[in-house]
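This report refers to the structure that appears directly beneath it.
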Amino acid sequence: MEDFEFLRHITLGQYLPGDSLVHRLDPRVKISVMLFMTVAITFNVSYLANIILLIVCLSFVLLSKIPLGYILSGVKPALPFIIVLAILQLLFYGDAFVPYGTESRTILRWGWVHVTSGSVQLVVVSTLRFLQLLFLASLLTNTTTISDLTSGMEAMLSPFSRVGLPGHELALVGAIALRFVPILAEQLEIIMKAQASRGADLGAKGRLRFIQTTRQMVALIVPLFIDAFRRAEDLILAMEARCYVGGRHRTKRVRFRFQRADYIAYVLVLLFSAAMVAFRNRMPF
Amino acid sequence: MEQKGFTVRRIVIAGVLSAIAILLGATRLGFIPVPTAAGNATIMHVPAIIGGIMEGWVVGGIIGFIFGIFSFLQATIPLFKDPLVAIFPRIFIGITAYFTYVGLKRFNEYVALIVAAAVGTLTNTVLVLTMAVVRGYMAPGVALGVGITHGIPEIIVACILVVAVVAAWKRVETGRGRSKV
Amino acid sequence: MDAGRPIIQVNDLHHRYLRGTPLEVVALKGVTMEIYEGEMVGIIGRSGAGKSTLVQHFNGLIRPRERGKVIVDGEDLADPDIDIRALRQKVGLVFQYPEQQLFERFVGDDIAFGPLKMGLPMEEVRERVREAMEMVGLDFGRFKDRYTFTLSGGEMRRAAIAGVLALRPKILILDESTSGVDPRSRKDLLGRIDALHRERGLTVIFVSSSMEDVAELVDRVYVIDDGRTVMSGTTREVFSRPEELIRYGLGVPQVTEIVHELARRGKIPFTTVVNVQEGKEVVWKILNSSAT
Amino acid sequence: MSEGPIVRVENVTFVYNPGSENPTVALRNVDLTLYRGDYLVIVGHNGSGKSTLVKHLNALLLPTEGEVWVKGMDTRDPEHVLDIRRSVGMVFQNPDNQIVATVVEHDVAFGPENLGLPPEEVERRVEWALGVVGMLPHRDRASHLLSAGQKQRVAIAGVLAMKPDVIVLDESTAMLDPVGREEVLKTIRRLNREEGVTVVAVTHFMREAVEGNRVVVMEEGRIVMEGTPREVFSRVEELREMMLDVPQPTELSYELHKLRPDFPPDLLTVEEVVEEICRRGGGVR
């Protein structure tokens, strides 16, 4: 089926308007919470820790008043893949993975199948971890507009400029990237349509699919990149014409101010995450 | 000739190429079906390679980093919902591509482009799979299998695309060719 | 009008983008038109009026899935079994800024893309490329081996149009394909399109927001606004209703405006001119009448 | 404040890729003087050097030979580059490629922030500039959701917020439909007449050229005609020879002049032609 509409579906900010506590938090706080929690999640492999983390992430979701079903709906297409992967890990990984501080016991061995306590833990923990991060990432993008997200990012990164790190520049790169996604998506749609009009068969079938698709890809990617470079040349001139010379002398309009809730959320999550990391090897199970 | 630090040019090129990486990731276009069980080869790392080659390792690294963040945020499978798998390895794609390109450029521009594309792609494949093994999502044997079935077609595609794009933009007359007609 | 059969028939066409999502956009809400074989028809309207969505129906890039019908050369586009590639070969569509869609290294290869996709033998492909290049004024021998991205802007645009002409379409659609070039290239392009129409009997659909270009080129006009056909008729008929055109974000050429204003001031009975030559004749009569 | 010229271009020659195999001479011995309050229109074909010339006015390009002086500053002096760029703002052709930030007001703030102005001043200027171009009601909208004409007005506001003495518009109406073009022209008129900004506009549309108080015609890197619109457009034959257009009212009046020498050959607008004919009486019943 030839349908080019999918390009219009690209929405980077899946912002859902709302007035919950989470919506109102300062974007810098939300990004920080995301970072702290991600660190905590990444370093915890025990059952208990991951159950605690999941409960915390779930409570964030409840606070945001975003329907849980909405967040989970994004996973649906990948579900069969996730299940197959989990079963493979469960049955065949055996000793491939041993969580810190535990000893892997064999639970079942039958031909190729080798189930150990380690692989069970791996499957359970990586599924929990996936859910935790999914909740966090969705929360961030569902409760924050793209512009708040980029301004928040810039506000957080800018102080690094003072010690010689390219914080401001990094934020600017991110903002430019986000700005050009819809523009380039539109351009890509036109390129695809123009080629389809000239008889290109997008989504070729048959044994030579790989070669055909690669050729097709060249025909799409080359004009897309050329267009992007051309736009970049324009933007470079426009930025220079507007006196851009890097972040050092710039000022920034004040956009955010911490409220009490922001301080509380920030400190609580920071302490919690630090504790989770500190005690990661001392969980009873 | 090499300017240091962040010029306006580097910031903007990094921005638009990151946009392409995000775009390729957000559509099914970033995937090319390969004739193996593995399913799809990806070309989402190509912008990082091209950015590295054209504007230096910093630009290449940033594009990879931003591409990594997006594949992390948008991931719907556990493997890429892990920042150590999704983000960390991507930073190096453009960096290795750049140094390969610079090292070989004085011998032959054309060859340098091809090898840089191959090295950048390999960086992605090897590091992602290594991290996947380290973080316990894959057994080493499986990772090796995926590496071969994915890696080879990905390298081929990346080489073709990188040469086509860079040649078209720099208007280098690669080789002496003529039209088929 | 012409007694021939309509080659394109559109009846009460509706279209929504992203149907059923929160981002749904209604693009067409009732377009009706008939285009006859060998005609040169203009479709005009402000940007965002739905012109591009409409013409993308003509070669099956968008299929009618809601209310309304599109029939092109006897084939109902809602029918899922029609040969879409044959249709696209028959209906050549040139987009806005077509030079941005070039991708092959060599000019000749880019123009040959369509014929090669049709599976024609190389001899035939070469012949078509040669013919198409001549139609747009690019010398075959001189340009076919040139690197595409070293051409000038005007040359690139002509090469892109040749890429569509090489399909030997029966119907040529130009979707704002003459905008954004300098006056010299614009005149050159308009002249070549006119020649294609007159000498080869090509049906041409000219989508534009430039009233001067429309006045120069086409015989009949449809005005689209907010997804609907709001005006239609010969160019002269449509230009004789300037208030409506202004309401739809358009206008009339300045010379048309001059003659309308003279009529409003009672110098002449209401009449509509479409170019400076006609305007001169009208004013000349006024000036002579004052002399005697 | 001196009442001398605000910009002086003196005998400028510019060569792209000097020293390479194929150097391209884009400007040949160009002289041009710009006075405060001018509305100067530059017309000519692609490749005639218009764009190259205007990029010299704010030091985006530096002359290969000759000099450009802006408010007494030499553009080749790196010390003055920023002062020159804040004095001479520039709006480009493609509205999509010159907007930096995702949200309208953030984009307008970009220039003033680059100048290092205090946040309150940035705020004031953003409001003022958006007000002048009539985009204040859209200040917190995402820029990619605006029409092309609106985007271009945001781009103008972005330049205006730096309070420049001169605004250069490099084919800024080329990609707009008639509605958008009129929006932008109205804005430029207002800038020139009410805000006292000196305007330089490059365009292909002769209808727009009539708006200025001076017109410059370029061909092959040289200025080939210069004068008031009336002086320039009355040279219909020469312009036709260069394949340039003449505004329709001028063309009509010129044709009538050929038939009747007492009819003026150089009328510019619809009103002028209508008035002239009415003044002469007569009529056809």
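Because only heavy atoms are used, hydrogens play no part in the values below, and waters and symmetry mates are left out as well, while side chains stay in. All figures in this text were calculated on a predicted structure; none of them were measured in a lab.
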Worksheet entry | Pick from D/Ser147, D/Pro178, D/Gly149 with the largest number of heavy-atom pairs that fall under 4.5 Å of chain C | D/Pro178
Worksheet item: Side chain, backbone, both or neither: which part of C/Lys280 has an atom under 4.5 Å from a heavy atom of chain D?
Response: both
Worksheet item: Hey, does C/Val255 have a side-chain heavy atom less than 4.5 Å from the side chain of D/Pro249?
Response: no
Practice prompt. Check whether any side-chain heavy atom of C/Tyr97 lies under 4.5 Å from a side-chain heavy atom of D/Met175, and answer yes or no.
Written response: yes
Worksheet item: Taking C-beta and beyond as the side chain, do C/Arg186 and D/Asp245 meet within less than 4.5 Å on heavy atoms?
Response: yes
Item to complete: Give, as side chain, backbone, both or neither, the part of C/Glu176 having an atom under 4.5 angstrom from any heavy atom of chain D.
Response: neither
Worksheet entry | side-chain contact (heavy atoms from CB on, under 4.5 Å) between C/Glu212 and D/Gln248, intermediate numbers included | CA-CA 10 Å; C/Glu212 284 77 7; D/Gln248 276 192 344; 4.2 Å; yes
Discussion item. Below 4.5 Å, heavy-atom pairs only: which of C/Ser210, C/Gly180, C/Pro253 has the largest tally toward chain D?
Written reply: C/Pro253
Fill in: Interchain contact, C/Val259 with chain D, by part (heavy-atom threshold 4.5 Å)
neither
Worksheet item: More than 12 foreign heavy atoms under 6.0 Å from NZ of D/Lys258: is that the case here?
Response: yes
Item to complete: Kindly check if the number of other-residue, nucleotide or ligand heavy atoms within 6.0 Å of CD (D/Glu220) is above 12?
Response: no
Discussion item. I'd like to know if the side chain of C/Gln254 reaches the main chain of D/Val270, judged simply by a donor and an acceptor atom lying under 3.5 Å from each other, with no hydrogens or angles considered.
Written reply: no
Discussion item. When you measure from the side chain of D/Arg260 to the backbone of C/Leu287, do you find a donor-acceptor pair of N or O atoms at a distance under 3.5 Å?
Written reply: yes
Worksheet item: Below 4.5 Å, heavy atoms only, C-beta onward: do D/Glu251 and C/Gln277 meet side chain to side chain?
Response: no
Item to complete: Start with the C-alpha gap between D/Asp177 and C/Ser47, add the side-chain angles, then the distance that decides, and say whether side-chain hydrogen bond (donor to acceptor under 3.5 Å, both in side chains) holds.
Response: CA-CA 6 Å; D/Asp177 73 346; C/Ser47 62; 3.2 Å; yes
